[in-house]
Structure formats: structure tokens, C-alpha cells
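Below you'll find the structure, written out as C-alpha cells, and then a few comments.
What you see below is based on every heavy atom in this structure, not just the backbone, and it leaves out hydrogens, waters and symmetry mates. Throughout, protein chains are lettered first and strands after them, A, B, ... in sequence-line order, and every chain is numbered starting at 1.
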Protein chains: 2
Amino acid sequence: MPVPIPPTSRDKILDVAEALFARRGFEGVGMREVAEAAGLGKSSLFHHFRSKAQLYLAVLERVLARIEERLAPTLASGAAPSEKLDRWTDALVDALAEHASAARLLLRGLFEDDAFDAEAWPEGQDTERRIEVILSGITGLLREGIEAGEFRAASPAHTVQTLIGATVYHFASGEFGEGLLGGSLLSAQAVARRKAEIKTFLHHGLAVRPVQSAGGEKT
Amino acid sequence: MPVPIPPTSRDKILDVAEALFARRGFEGVGMREVAEAAGLGKSSLFHHFRSKAQLYLAVLERVLARIEERLAPTLASGAAPSEKLDRWTDALVDALAEHASAARLLLRGLFEDDAFDAEAWPEGQDTERRIEVILSGITGLLREGIEAGEFRAASPAHTVQTLIGATVYHFASGEFGEGLLGGSLLSAQAVARRKAEIKTFLHHGLAVRPVQSAGGEKT
DNA sequence: GTCTATATCACGATAGAC
DNA sequence: GTCTATCGTGATATAGAC
């Protein structure tokens with residue numbers, strides 16, 4: 001699989017656009033800046049992506065695809081719901097920690113009410129479908145756990161919101177989060193610590209009978 | 001206190017700017033649009049605020065002041081830490097639910113690494129100080145609860161991040177959150193439900209011995 | 001596919017009359 | 001304190017040569 005294919009112009013553009021959009025948002029980035037960062041002229045950029053909105057949606061779609069790819073296997077096994085929820089959480093945290101821009105891009109996509117009218121673009125439907133798949137996966141898992149008696153009867157929708165906050169917001173919090181935690185959010189140690197904190201929270205918050213540990217690291 | 005003083009131009013500007021910045025961010029809003037929404041010419045707006053950054057910081061400062069005003073009393077009493085944490089959570093949710101724009105503005109302030117160089121403006125130091133006061137308040141309360149044996153030895157910083165996610169992100173999630181929850185985020189019922197869900201999560205996630213309920217509403 | 005040149009428009013901010 | 005008019009700049013996007 002890791003055959004070193006030289007990156008196309010399109011891939012290079014998506015890489016630099018992802019970093020820029022994550023940091024400053026859709027409105028805060030200019031196509032000129034993207035083009036220069038990719039080593040192209042502005043018009044060449046418009047040759048690959050017809051508009052700024054299309055570029056943004058392509059970036060978002062790629063991020064969502066990477067996340068979905070990580071989450072899907074964790075739901076497919078026949079393990080117990082609490083076990084699957086642990087794996088799902090680990091996989092989401094890994095996906096968000098792998099690329100520093102993923103969480104920020106995703107958070108922007110979730111709380112910024114599509115200012116550029118995503119529904120008008122066909123590409124926008126792809127991203128919405130990805131989100132629906134991810135959401136129905138975790139919501140279904142929560143329901144399954146409640147029916148199996150492993151989780152208390154919390155609202156799945158509210159619990160999903162809490163999970164998003166604990167993961168996507170955390171890894172999107174950038175300088176603020178680093179100031180609060182006192183170090184990088186993305187170091188292997190910090191990522192492992194976050195997983196343990198969330199899972200411990202989940203166990204004591206969702207399990208009918210409290211569980212002892214979630215694989216504790218030492219700080 | 002509720003003497004109907006006619007709103008000044010400055011208040012009107014802050015109101016419309018708050019709504020616009022919350023929805024589309026600093027870069028996504030133009031001074032022309034703010035001026036027209038406030039019923040002024042663009043130059044009149046620049047008479048009240050010397051720059052766009054100063055207007056944005058004034059908006060943010062007002063939002064933070066409203067929140068801090070609500071949170072301070074919950075930490076001042078001599079109640080037990082778990083009791084104070086419940087009251088703090090209720091107060092924060094109330095503050096975020098009162099103005100639809102507060103959560104979005106706050107979330108942007110937390111995860112967008114001050115693109116407009118807040119430290120260069122004297123007003124930016126006011127907002128940073130407000131955030132520090134709020135953070136040290138909740139962090140101190142968590143530490144107090146751990147020392148008193150009411151909370152397990154979770155990382156206060158990680159717990160604060162989870163709390164922010166559960167509250168600020170939730171109320172900032174807009175259309176996405178409403179689609180997930182199946183209704184308004186800000187109705188009295190939805191707000192009460194969110195409080196109950198968070199507090200139940202906190203009790204089972206922080207208490208050394210699990211507590212039964214957090215004042216459950218029915219859906 | 002990449003380039004130069006250009007069209008069109010909105011931006012933040014200022015000058016100065018009233 | 002509000003206005004009209006304008007400055008200088010940079011935005012998205014297009015035309016068309018190579």
C-alpha cells in the first residue's frame with residue numbers, strides 16, 4: 001500500500017487549503033494565498049477547482065472520509081456495546097489527532113451554518129451524507145447499549161453532542177487548549193491521556209454499574 | 001432596575017454586531033453590513049468604533065461579562081463542591097441559552113487563534129482576563145472537590161475541556177444540533193433537558209460513589 | 001496545465017461638509 | 001453624530017496566449 005506516488009497538483013492544493021481553512025476559516029482565506037502556498041498561480045488553482053466553495057467542500061469531504069474510514073471498523077465487530085464504544089472513541093481521537101487541521105475543520109463545519117450555501121453545490125451533499133453515516137453509526141451503538149442494559153437510558157442525541165464536545169472541540173481548541181493543558185494537544189502522551197479521560201468519563205457516566213478503570217496512564 | 005432607558009447607538013451596534021459575528025465570524029462580516037443592520041451609515045459606525053477589531057472585542061467583552069456575572073455567585077457560597085458544580089453548570093447553561101449568539105461567539109473566541117492579534121489591542125487584554133477569571137474559578141472548584149473526596153482524581157484541565165464541550169459547543173451547534181436533537185436548542189424544555197443530561201453525566205463521572213439522579217425531566 | 005492580464009466588486013478606513 | 005465621497009487594496013473569477 002505505501003507506494004510513493006508523487007502527489008498531484010490537486011493533492012498539494014488540498015493539503016495546503018486544509019491547513020489554511022482550518023486555521024482561519026472559509027472567509028479568512030483567499031484563493032491567492034492558497035495558490036501561492038501550493039506553488040501555483042491563482043488561475044491555475046481555478047483550473048483545478050471552479051470556485052472557492054468547491055475547494056472548501058473538497059477539503060471537508062476528504063477530512064470526513066478519513067474519519068469515517070477509521071470509525072467504520074469499530075462498529076462492525078460483534079463485541080459488546082461498551083467495548084465497541086471504547087474502540088469508537090479511540091478511533092475518533094486517533095483520527096482527530098493524526099492531522100492537526102481535522103478537528104478544526106470539522107468543528108467549523110458543524111457549528112457554522114453553511115454560510116456559502118452548501119446545499120446549492122452537489123459536493124455539499126456528499127459531505128452531508130458522510131456526517132449522516134457517522135452520526136447514525138454512533139447513535140445506533142448507543143441505542144444498542146441501552147437496549148442491552150449496558151448503558152443507562154441517557155438520550156442518545158445528547159450523548160452524541162457530549163461526545164463531539166469531548167473530542168472534536170478538544171482537539172480544535174488550539175492555543176487555548178494547550179494553555180489549559182500546559183502542553184501540546186497532539187503529542188502521543190497527550191492523546192493517550194485524552195482517550196483515558198474520556199473513557200473513564202464514559203464508563204462512570206454511561207455504565208449501569210460503574211467500572212473501575214479505562215486503562216489509566218500516569219500524567 | 002428595569003427602567004426603560006432608550007438604547008444608545010452604541011448598544012444597538014453591539015446588538016447587531018453580536019448577532020452577525022456569531023453567525024459568520026470576524027472575517028465573514030463587513031462593517032457596511034453591520035452599519036446597515038444598525039440603521040447607520042458606514043462612517044457613523046467608524047465614529048463609534050475606530051476599527052473592526054475594536055468592535056469585535058467590545059462584543060466579545062460584553063458576552064464574557066454577562067457570563068462571568070452569572071457564574072461568580074455560584075462559586076461564592078459555602079456549599080459542598082458537588083452542589084456548587086451543579087449550580088455552576090446550571091448558571092453557565094442559562095447564560096449560554098439566554099442569548100443565542102453567546103455560545104457561538106465564545107466558541108469562536110476559544111478555538112480561533114486570535115487572527116486579528118488581540119494582544120495588540122488594549123481591549124483584548126480585558127477579554128483575556130475575563131476568561132482567566134472564569135477558568136480559575138471552575139478549575140479551583142474541581143480541585144476543591146477532589147481534595148474533599150467528592151470527585152475522583154480526574155485531571156481538572158481535561159474536565160474543564162469536557163465541560164466546555166458539553167455546554168459551549170452544544171449551544172453553538174446551531175442547525176446541526178437542532179437536527180440531531182429534533183427541535184430548538186433554546187426552548188425552556190430543551191435547556192432544562194440539557195442541564196439534566198450534563199449533571200447526570202457529571203455525577204456518574206465525577207462522584208466517588210455514583211449518585212442516583214440529577215433532577216430528571218421526562219423527554 | 002500554467003501563465004499574464006483584466007473585469008468587477010467589496011473591503012476597511014479617512015476626509016470633511018453639515 | 002450622521003452624512004457623501006473617496007482612497008487604496010485585495011477579493012473572486014474570467015479571458016485567452018503558450
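Distance CZ (B:R32) to P (C:dT14): 19 Å, rounded to an integer number of Å. The CD atom of B:Q54 sits 13 Å away from the C1' atom of C:dA13 (whole-angstrom rounding). Atoms CD (A:E36) and C1' (C:dT4) sit 15 Å apart, rounded to a whole Å. Distance CD (B:E33) to C1' (C:dG12): 14 Å, rounded to an integer number of Å.
The side chain to side chain contact (heavy atoms under 4.5 Å, CB included) check on A:L75 picks up A:W88, A:L141, with sequence neighbours excluded. Checked against ring-ring contact (aromatic ring centres under 6.0 Å, His included), A:Y169 has no partners two or more places apart in sequence or in another chain. The side chain to side chain contact (heavy atoms under 4.5 Å, CB included) search around A:S51 returns A:A53, A:Q54, A:W121, not counting sequence neighbours. With sequence neighbours left out, B:A19 forms a side chain to side chain contact (heavy atoms under 4.5 Å, CB included) with no residue at all. By the ring-ring contact (aromatic ring centres under 6.0 Å, His included) test, B:F21 pairs with B:Y56, sequence neighbours left out. Checked against side chain to side chain contact (heavy atoms under 4.5 Å, CB included), A:A172 has the following partners two or more places apart in sequence or in another chain: A:A103, A:R104, A:L107, B:F111.
Less than 4.0 Å separates DNA chain D from at least one heavy atom of each of the following residues of residues 42-49 of chain A: A:K42, A:S43, A:F46.
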Could you list the donor-acceptor pairs under 3.5 angstrom formed between side-chain atoms of residues 91-100 of chain A and any protein atom two or more places apart in sequence or on another chain?
| residue | atom | partner | partner atom | Å |
| --- | --- | --- | --- | --- |
| A:D94 | OD1 | A:K195 | NZ | 2.9 |
| A:D94 | OD2 | A:K195 | NZ | 3.3 |
| A:E98 | OE1 | A:R70 | NH2 | 2.8 |
| A:E98 | OE2 | A:R70 | NH2 | 3.2 |

Counting only pairs under 3.5 Å, give me each side-chain donor-acceptor contact of residues 31-41 of chain B, with atom names and distances, residues two or more places apart or in other chains.
| residue | atom | partner | partner atom | Å |
| --- | --- | --- | --- | --- |
| B:R32 | NE | B:E36 | OE2 | 3.4 |
| B:E33 | OE1 | B:R24 | NH2 | 2.6 |
| B:E33 | OE2 | B:R24 | NH2 | 2.2 |

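We find the CD-CG distance between A:E123 and A:L60 to be 12.0 Å, quoted to the nearest 0.5 Å.
Here ring pair (Phe, Tyr, Trp, His ring centres under 6.0 Å) pairs that include residues 29-50 of chain A, with residues two or more places apart or in two chains, number zero.
Heavy-atom contacts of chain A under 4.0 Å fall on DNA chain D between two terminal nucleotides, which in 5' to 3' order are D:dA11 to D:dA15.
Between A:A166 and A:I198, the shortest heavy-atom contact is O-CD1, 3.5 Å.
Counting any heavy atom pair closer than 4.0 Å across all strands shown, B:V29 reaches sugar-phosphate atoms only and no base atom.
Each end of the helix from C:dG1-D:dC18 to C:dC18-D:dG1 yields a helix axis from five base pairs, and these two axes differ in direction by 0° (to the nearest 10 degrees).
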